[in-house]
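Structure first, then comments.
As the structure is a computational prediction, the values presented were derived from the model and not from experiment.
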Amino acid sequence: MASIDINGKFLGAGLNGVHRTAAHYCEQLIKRTAGEHDVRLLSPFAAASAAEFAHLTPTQARGRCGSGQGWEMLTLPKLARSNLLVNFCNLAPLLHGNSVVMIHDAQTFLYPQDYSGRQAAAYRRMLPWIGRAAAY
């Protein structure tokens, strides 16, 4: 039985379109792979934040790097090890060689003024690296 880990960092943030999409895909992946794969929803947070996704109960996995980008880039790849790591919210750890990433759009490239300067610059730099590093 193959093991799949899902990046559940989005569960600790406010519910926006990207996070809602991630929650729905996460829900379907867990439901459709039941009995075929061992699936874990990993998050630095104890529980889902939005009431409509309260049934998504993550395995809380704290790390020394906090609960933000440090957790995602450094703690998460250690937790997932050789498992398939599924990332539904644009970002994924560069240090995990067996990952799937869903990049929702290119807004930071097309409309960088809609984001803070630091966020736009980071996404514009990171998204191509993440896309190339992902196995799928």
Side-chain angles (χ1 to χ4, degrees):
M1 181 181 303
S3 295
I4 301 171
D5 288 327
I6 303 170
N7 179 351
K9 186 178 80 115
F10 68 91
L11 293 170
L15 194 61
N16 62 25
V18 170
H19 298 155
R20 185 178 307 281
T21 298
H24 285 295
Y25 272 88
C26 181
E27 184 175 54
Q28 289 301 311
L29 180 61
I30 292 168
K31 182 176 161 182
R32 293 172 186 254
T33 59
E36 295 177 33
H37 300 284
D38 180 28
V39 180
R40 295 186 304 174
L41 175 58
L42 300 172
S43 174
F45 308 102
S49 59
E52 70 184 283
F53 299 113
H55 58 282
L56 290 177
T57 52
T59 299
Q60 184 178 15
R62 291 191 176 147
R64 293 184 300 175
C65 302
S67 60
Q69 297 297 322
W71 181 87
E72 194 164 37
M73 294 295 166
L74 300 172
T75 302
L76 185 58
K78 289 179 185 174
L79 295 168
R81 298 184 189 187
S82 62
N83 296 347
L84 176 64
L85 177 60
V86 180
N87 305 275
F88 289 122
C89 292
N90 294 315
L91 299 179
L94 293 167
L95 301 174
H96 194 280
N98 189 23
S99 67
V100 174
V101 63
M102 179 185 286
I103 298 175
H104 292 259
D105 57 43
Q107 290 297 96
T108 56
F109 294 93
L110 299 173
Y111 303 101
Q113 68 276 10
D114 291 350
Y115 300 85
S116 71
R118 189 173 158 178
Q119 182 184 15
Y123 271 56
R124 291 171 78 178
R125 187 173 300 123
M126 295 292 292
L127 290 179
W129 289 349
I130 290 168
R132 284 191 298 272
Y136 307 98

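Between the side chain of Thr75 and the backbone N or O of Gly63 there is no donor-acceptor pair closer than 3.5 Å. Distance alone, capped at 3.5 Å, places no donor-acceptor pair between the Thr33 side chain and the Glu36 backbone. Between the Trp71 side chain and the Ala61 main chain, a donor and an acceptor come within less than 3.5 Å of each other. When atom types are taken as modelled, the side chain of His96 and the backbone of Asn98 share a donor-acceptor pair closer than 3.5 angstrom.
Residue Tyr111 places its OH atom among 12 or fewer non-hydrogen atoms of other residues, nucleotides or ligands, all under 6.0 Å distant.
Atoms CZ and CG, from Arg81 and Asn83 in turn, are 9.0 Å apart once rounded to the nearest 0.5 Å. The distance from atom CG of Leu76 to atom NZ of Lys9, rounded to the nearest 0.5 Å, is 10.0 Å. The line from CD of Gln60 to CZ of Arg62 is 4.0 Å long, rounded to the nearest 0.5 Å. Between the NZ atom of Lys78 and the CG atom of Leu95 there is a distance of 9.0 Å, given to the nearest 0.5 Å. To the nearest 0.5 angstrom, Phe10 atom CZ is 8.0 Å from Ser43 atom OG. For the atom pair CZ (Phe45) and CG (Leu11), the distance works out to 8.5 Å, reported to the nearest 0.5 Å.
Side-chain contact between Gln107 and Tyr115: present, with at least one pair of heavy atoms (C-beta onward) separated by less than 4.5 Å. Looking at Leu84 and Ser3, their side chains never come closer than 4.5 Å, going by heavy atoms from C-beta outward. No side-chain heavy atom of Arg40 sits under 4.5 Å from any side-chain heavy atom of Ile6. Contact of the Val100 side chain with the Leu85 side chain is not registered, since no non-hydrogen atoms from C-beta on lie closer than 4.5 Å. Using a 4.5 Å heavy-atom cutoff, the side chains of Leu79 and Asp5 are not in contact. A heavy-atom distance below 4.5 Å is found between the side chains of Ile130 and Leu91. Side-chain contact check for His24 versus Arg20: some heavy-atom pair is nearer than 4.5 Å.
Between Pro112 and Ala120 the shortest heavy-atom distance is O-CB, 3.8 Å. In terms of heavy atoms, Ala134 sits closest to Val101 at CB-CG1, 3.7 Å. What you find for Leu94 and Ala133 is that their closest heavy atoms are CD2-CB, 4.1 Å.
With respect to Cys89, the side chain to side chain contact (heavy atoms under 4.5 Å, CB included) criterion is satisfied by exactly one of Asn16, Thr21, Val18: Val18.
A continuous path of ILVMFWY side-chain contacts below 4.5 Å connects Val86 to Leu41, so both sit in one hydrophobic cluster.
Inspection of the Asn7 and Glu72 side chains reveals an N or O donor paired with an N or O acceptor under 3.5 Å.
Using the six-membered ring where Trp is involved, Phe88 and Tyr25 have ring planes that are tilted, between 30° and 60° apart.
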